[in-house]
2 protein chains.
Amino acid sequence: MSIKYAILGLLNYSDMHGYRIKTHIENNFGHMWSINFGQIYPSLKELEKDGLIKMREKTPSDSGGPHKKLYSITKKGRSDFTRWLTTPPDKPMLIRDPFLLKFAFFSFGDIEEAKKIIDKQIELFDAQLKRRKMNRKRWERQTVYVRLLAELGVSQNELYLKWLRRAKTEIEQTPRPSDTSSNKQGGK
Amino acid sequence: MSIKYAILGLLNYSDMHGYRIKTHIENNFGHMWSINFGQIYPSLKELEKDGLIKMREKTPSDSGGPHKKLYSITKKGRSDFTRWLTTPPDKPMLIRDPFLLKFAFFSFGDIEEAKKIIDKQIELFDAQLKRRKMNRKRWERQTVYVRLLAELGVSQNELYLKWLRRAKTEIEQTPRPSDTSSNKQGGK
DNA sequence: TCTACCATGTAATCTGTTACATGATTGC
DNA sequence: GCAATCATGTAACAGATTACATGGTAGA
């Protein structure tokens with residue numbers, strides 16, 4: 001399970017507690033990885049059970065802050081992480097895009113409706129690109145790897161936007177199958 | 001659930017049975033979608049139960065071919081599909097790439113090991129690019145949408161490869177943190 | 001006081017994958 | 001006869017999402 005190694009990798013940087021792990025992943029890998037509390041806390045428990053991490057410190061609720069559990073990576077965890085790091089990835093890249101699936105079937109629908117949906121997608125990715133460009137600056141002084149990752153994110157985003165815009169103009173220029181079918185949408 | 005609409009969309013083209021649906025998706029959307037029998041057959045049952053498709057014909061094993069169940073979309077299925085088609089996508093794009101996750105942590109590992117893994121990724125995507133370029137030709141005479149989708153696949157693949165090659169040269173030029181730590185890998 | 005955010009956790013549900021079981025047909 | 005492919009299906013498992021429950025702190 002990849003999430004365990006993502007956690008292990010973060011704990012390799014510094015000790016953290018569950019909540020921080022989530023915000024950290026969201027801030028730094030949000031464009032390629034997401035995670036829920038429903039995964040984090042059980043994962044932390046398992047990692048601890050396997051001896052890969054251990055709870056270093058527990059802030060009890062009566063001593064100031066909220067009750068946190070600070071975890072740190074163990075020697076065993078570090079060696080397991082290194083083993084994982086030097087092993088080629090087990091699973092191929094997975095892309096799941098509900099928009100592109102819909103797009104594939106747009107020939108069955110109305111061109112104007114299709115264009116509206118494409119416009120929404122453009123809006124969405126315009127906003128995302130802005131965020132990614134800001135993040136890229138933040139990461140410039142990080143390791144080469146993190147910086148390169150951020151640059152990939154920006155490039156992919158730009159490519160996608162360019163494609164969306166081209167798609168829109170191309171389907172406008174496509175001769176539609178001359179609305180012969182009196183498509184009564186007998187809804188409801 | 002998107003898979004149900006993918007099936008509904010294919011049945012909107014023509015009647016099919018479960019096995020064909022899988023091979024069809026593999027051939028046409030393999031680069032952006034995958035599906036298992038473990039999903040198809042239960043999905044078909046549910047779609048039938050909901051009245052969105054119906055079994056048109058069943059070839060019994062004693063009348064020639066193997067026992068097939070030919071499904072076709074119903075009026076209700078068609079209107080539900082149209083409703084889905086004109087609704088903006090509910091979920092955002094999901095990318096899950098074990099390679100990129102590993103990449104993010106390469107600073108903890110050995111550069112030579114990292115380069116080996118990158119090379120493997122390049123090999124993988126070189127092969128994929130060839131396949132995609134062949135498919136693109138096959139799809140030139142399909143609808144604009146399918147053609148555009150194929151072109152996006154090729155462009156994304158090319159961008160990714162370019163990035164991988166650049167990443168390799170950039171990490172080579174990066175001054176490594178002067179191998180002071182006598183990194184004994186106490187394996188076993 | 002109330003809201004926003006920090007923090008941990010569980011349960012239910014949904015999705016997806018893998019493995020298994022069965023059996024027919026086609027071509028060698 | 002045997003292997004490959006066509007064809008349908010189920011069970012077990014893995015992974016991810018959502019909703020819920022609890023309670024603390026900080027600031028308006």
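Below, chain A is the first sequence line, B the second, and so on; all start at residue 1.
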Rounded off to whole Å, could you give me the CZ-to-C1' distance for the A/Phe37 and D/dG23 pair? 15 Å
Could you check whether the rings of B/Phe103 and B/Phe106 sit parallel, tilted or perpendicular, using 30° and 60° as the cut-offs? tilted
Specify the separation, in whole Å, of atom CZ of A/Arg20 and atom P of C/dT8. 10 Å
Given D/dG9, C/dA7, D/dA7, identify the nucleotide with an atom nearest to the side chain of B/His17. D/dA7
note: A/Lys91, atom NZ; C/dT15, atom P; distance rounded to Å ~ 18 Å
For C/dG9 and A/Lys69 - does any side-chain N or O of the residue sit under 4.0 Å from the phosphate oxygens OP1/OP2? yes
Does A/Lys22 NZ have over 12 foreign heavy atoms under 6.0 Å away? yes
OP1, OP2 of D/dT17 versus side-chain N and O of A/Gln39: anything below 4.0 Å? yes
Which nucleotide in the list D/dG15, C/dG16, C/dG9 gets nearest to the side chain of A/Tyr41? C/dG9
Contact class for A/Lys4 vs. all strands (heavy atom < 4.0 Å): base, sugar-phosphate, or nothing? nothing
Tell me the interatomic distance from A/Asn27, atom CG, to C/dC5, atom P, rounded to whole angstroms. 14 Å
In whole angstrom, give the distance that lies between atom CG of B/Asp90 and atom P of D/dT18. 10 Å
Contact class for A/Ile40 vs. all strands (heavy atom < 4.0 Å): base, sugar-phosphate, or nothing? nothing
Minimum-distance nucleotide (side-chain atoms of B/Lys45 versus D/dA16, D/dG9, C/dA7): D/dG9
Any B/Arg96 side-chain nitrogen or oxygen under 4.0 Å from OP1 or OP2 of D/dA16: yes
Between A/Glu46 (CD) and D/dC13 (C1'), how many Å, whole number? 13 Å
I'd like to know whether the aromatic ring centres of B/Phe125 and B/Trp163 sit less than 6.0 Å apart in this structure. no
Could you check whether any side-chain heavy atom of A/Tyr19 comes within less than 4.5 Å of a side-chain heavy atom of A/Ile40, counting everything from C-beta outward? no
Would you kindly compare B/Pro42 and B/Leu94 by the position of their nearest DNA chain D nucleotide and give the one closer to the 5′ end? B/Pro42
Mind checking if A/Gly38 touches a base, just sugar-phosphate, or nothing, with heavy atoms under 4.0 Å? base
Classify the nucleic acid contact of B/Ile35 as base, sugar-phosphate or nothing, counting any heavy atom under 4.0 Å across all strands shown. nothing
Of the candidates D/dA16, D/dT8, C/dG9, the side chain of B/Lys68 sits closest to D/dT8
Measure from CD1 on B/Ile21 to P on D/dC6 and round the result to the nearest Å. 15 Å
Classify the ring geometry of B/Tyr13 against A/Phe105: parallel below 30°, tilted from 30° to 60°, perpendicular beyond 60°. tilted
Quick note, A/Tyr19 side chain, CB onward, closest among D/dA7, D/dT17, C/dT8 is C/dT8
Under a plain distance cut-off of 3.5 Å, with no hydrogens placed, do A/Tyr5 and A/Asn12 share a side-chain donor-acceptor pair? no
Return the value, rounded to whole Å, for the distance between atom NZ of B/Lys22 and atom C1' of D/dT5. 12 Å
Looking only at side-chain N and O atoms, does B/Asn36 come under 4.0 Å of OP1 or OP2 in C/dT17? yes
